[in-house]
Protein chains: 2
Amino acid sequence: MAEAPAQDRGARSRDAILDSAGELMSRYGYAATSISMISAECGLPASSIYWHFGSKDGIYVAVLERARTALLTALPPAEVPGADVAERLDAFLAEVQRAFHRQPHGLKLLLGLGMVQQDASAAAVAEVHHYRDALVAWTRDALSAVFRLHDRPQVADELARFTLRMASGTVVARWFDPSAVMDTGALHVALLALAAHHDVLVHGTSGEGSRSRDVTDRE
Amino acid sequence: MAEAPAQDRGARSRDAILDSAGELMSRYGYAATSISMISAECGLPASSIYWHFGSKDGIYVAVLERARTALLTALPPAEVPGADVAERLDAFLAEVQRAFHRQPHGLKLLLGLGMVQQDASAAAVAEVHHYRDALVAWTRDALSAVFRLHDRPQVADELARFTLRMASGTVVARWFDPSAVMDTGALHVALLALAAHHDVLVHGTSGEGSRSRDVTDRE
DNA sequence: GTCTATACCAAGATAGAC
DNA sequence: GTCTATCTTGGTATAGAC
């Protein structure tokens with residue numbers, strides 16, 4: 001077809017705009033990112049940006065949507081391999097850490113833009129919640145598989161909430177100290193203890209302390 | 001004296017401006033809060049705001065500074081009462097929760113504005129870090145007292161980091177779901193387990209977690 | 001210290017040629 | 001789909017009377 005290249009160019013421009021916008025918005029936040037900054041970053045004029053997305057809010061929604069699908073396709077398995085709890089928990093935490101490490105803006109976007117909800121459009125608010133809900137669901141399902149919690153949904157919920165708050169807190173810590181990383185070692189210990197506290201069977205390793213099962217303690 | 005009332009009026013205006021600015025900035029973020037919004041909220045004209053603070057950045061620094069001193073004077077005791085670890089930990093967590101509950105904007109400010117560091121002035125960045133450092137120090141000292149960690153500073157650091165990330169994560173959770181609160185129960189279990197994991201003596205009490213405390217692992 | 005009025009500029013957004 | 005040029009609004013910030 002003769003029009004394929006044209007469509008291609010448009011699609012690539014669209015991606016370039018989203019790349020620039022995502023980078024800038026995750027860095028400076030939505031309000032502090034201007035169309036001209038995006039234009040300067042990606043090389044296309046402001047009017048092209050408006051042609052693709054219609055409004056600043058439209059860019060915001062598209063950026064979030066792309067970040068969400070990228071994150072979720074990077075987190076395929078809700079079922080976690082491993083014979084016992086400790087092994088599955090390690091696999092889960094490794095997955096979390098890898099996703100965390102490979103999605104530098106995704107989470108900052110969710111956090112930084114989530115704050116702005118109050119003045120954002122309905123579509124933007126919906127997309128933020130969609131993103132958040134997907135993360136919650138994945139975490140709950142994965143932890144449910146790790147600890148075999150199919151009959152204890154409220155426990156799975158608590159563990160997921162705990163894990164996500166830890167992850168959010170780490171994102172926050174990273175903008176004070178960019179070298180901060182997820183402390184999966186501490187999270188491992190904490191999740192085992194929480195599970196044991198709710199009388200979840202954590203067979204195999206000795207009790208919930210499980211010092212034998214160290215992940216990658218950095219020091 | 002005849003000038004006292006004038007000084008008073010100025011001081012009260014200054015406070016009113018800071019109240020409005022703090023409220024708006026913790027809600028919408030620094031960039032999305034305009035001088036006219038602050039002016040409308042507190043009733044004083046924009047020029048008065050500039051007379052008091054010189055620039056938008058000046059307001060930002062003053063707001064942060066006031067939030068920091070307010071929070072820190074609300075957290076007086078670095079030493080925590082209690083005969084055993086579980087009791088002191090409960091006292092500590094109660095203190096954290098009370099501070100969390102009574103400082104609705106303080107932490108949101110620190111988080112929301114912390115993100116904006118990249119484009120903020122040097123004074124603003126310094127104030128944000130000052131605030132953050134004060135929080136870290138208080139938490140570390142308090143936990144050090146709870147667990148008697150004077151000779152294990154790196155363990156105190158890890159516990160403090162864990163606690164603060166949990167608190168930050170809860171602040172984030174609150175702007176998705178305003179009814180979210182600090183889960184001090186889970187934090188209690190997790191901190192005890194982390195301390196035990198580092199071979200910190202957590203003698204005998206069964207805390208609130210009945211069965212969470214029976215592992216006095218030896219190395 | 002507080003007000004009215006205003007300078008100045010960058011923001012978001014659009015028009016219309018190509 | 002992309003460009004140049006432009007409109008409008010609202011932003012930060014200041015001048016100067018009171």
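Residue numbers start from 1 in every chain, and the chains themselves are labelled A, B, ... in the order their sequence lines are given, proteins ahead of strands.
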**Residues in contact with DNA chain C, drawn from residues 42-52 of chain B - heavy-atom cutoff 4.0 Å** =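 Per residue number, the list reads B:L44, B:P45, B:S47, B:S48, B:W51, B:H52.
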**Item:** Chi angles and distances behind the salt bridge (charged side-chain N to carboxylate O under 4.0 Å, His left out) call for B:D19, B:R12
**Value:** CA-CA 10 Å; B:D19 287 344; B:R12 264 188 288 110; over 6 Å; no
**Asked** At how many degrees, to 10°, do the end axes of the helix from C:dG1-D:dC18 to C:dC18-D:dG1 meet when each uses five pairs?
**Response** 0°
**Asked** How are the rings of A:F92 and A:W138 set relative to one another: parallel (under 30°), tilted (30 to 60°) or perpendicular (over 60°)?
**Response** parallel
**Prompt:** Do the ring planes of A:F162 and B:F162 sit parallel (below 30°), tilted (30 to 60°) or perpendicular (above 60°)?
**Reply:** tilted
Distance, rounded to the nearest Å, where [X] contributes [atom1] and [N] contributes [atom2]:
{"X": "A:R9", "N": "D:dC3", "atom1": "CZ", "atom2": "P", "answer": "7 Å"}
{"X": "B:I59", "N": "D:dG11", "atom1": "CD1", "atom2": "C1'", "answer": "13 Å"}
{"X": "A:K56", "N": "C:dG12", "atom1": "NZ", "atom2": "P", "answer": "4 Å"}
{"X": "B:M37", "N": "D:dT12", "atom1": "CE", "atom2": "P", "answer": "10 Å"}
{"X": "B:F53", "N": "D:dT12", "atom1": "CZ", "atom2": "P", "answer": "15 Å"}
{"X": "B:I35", "N": "C:dA5", "atom1": "CD1", "atom2": "C1'", "answer": "17 Å"}
{"X": "A:I17", "N": "D:dG1", "atom1": "CD1", "atom2": "P", "answer": "11 Å"}
{"X": "A:D57", "N": "C:dA13", "atom1": "CG", "atom2": "P", "answer": "8 Å"}

With a cut-off of 3.5 Å and sequence neighbours excluded, list every side-chain donor-acceptor pair involving residues 142-153 of chain B.
unit_1: B:R148; atom_1: NH1; unit_2: B:A145; atom_2: O; d: 3.0
unit_1: B:R152; atom_1: NH1; unit_2: B:H198; atom_2: O; d: 3.2
unit_1: B:R152; atom_1: NH2; unit_2: B:H198; atom_2: O; d: 3.1

**Message:** Filter on salt bridge (Lys or Arg N to Asp or Glu O under 4.0 Å), then keep only pairs touching residues 123-141 of chain B, sequence neighbours left out; what's left?
**Reply:** B:R68-B:E127, B:R140-B:D157
**Request:** Answer yes or no: does a side-chain N or O of A:S55 lie under 4.0 Å from OP1 or OP2 of C:dG12?
**Result:** no
**Request:** Give a yes/no answer on whether the side chain of A:S34 brings an N or O atom under 4.0 Å of OP1 or OP2 in C:dA10.
**Result:**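 False: A:S34 side-chain N/O out of range (4.0 Å or more) of C:dA10 OP1/OP2.
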**Request:** Step by step, work out the side-chain contact (heavy atoms from CB on, under 4.5 Å) result for B:T139 and B:V96.
**Result:** CA-CA 9 Å; B:T139 308; B:V96 168; over 6 Å; no
**Request:** Answer yes or no: is there a donor N or O on one side and an acceptor on the other, between the side chain of A:K108 and the main chain of A:R174, under 3.5 Å?
**Result:** no
**Message:** Please classify the nucleic acid contact of A:T33 as base, sugar-phosphate, or nothing, using heavy-atom distances under 4.0 Å.
**Reply:**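 Sugar-phosphate contact only - A:T33 comes under 4.0 Å of backbone atoms but never of a base.
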Mind listing the side-chain donor-acceptor pairs of residues 35-45 of chain A below 3.5 Å, one per line with the distance, residues two or more places apart or on another chain?
unit_1: A:S36; atom_1: OG; unit_2: A:S34; atom_2: OG; d: 3.3
unit_1: A:S39; atom_1: OG; unit_2: A:L44; atom_2: O; d: 2.7

**Request:** Please name all residues satisfying salt bridge (Lys or Arg N to Asp or Glu O under 4.0 Å) with A:E158, sequence neighbours left out, ordered by chain then number.
**Result:**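 Result, salt bridge (Lys or Arg N to Asp or Glu O under 4.0 Å) vs A:E158: none returned.
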**Item:** Given C:dG12, D:dT2, D:dG11, the nucleotide with the shortest approach to the side chain of B:S36
**Value:**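 Of all the options, the side chain of B:S36 is nearest to D:dG11.
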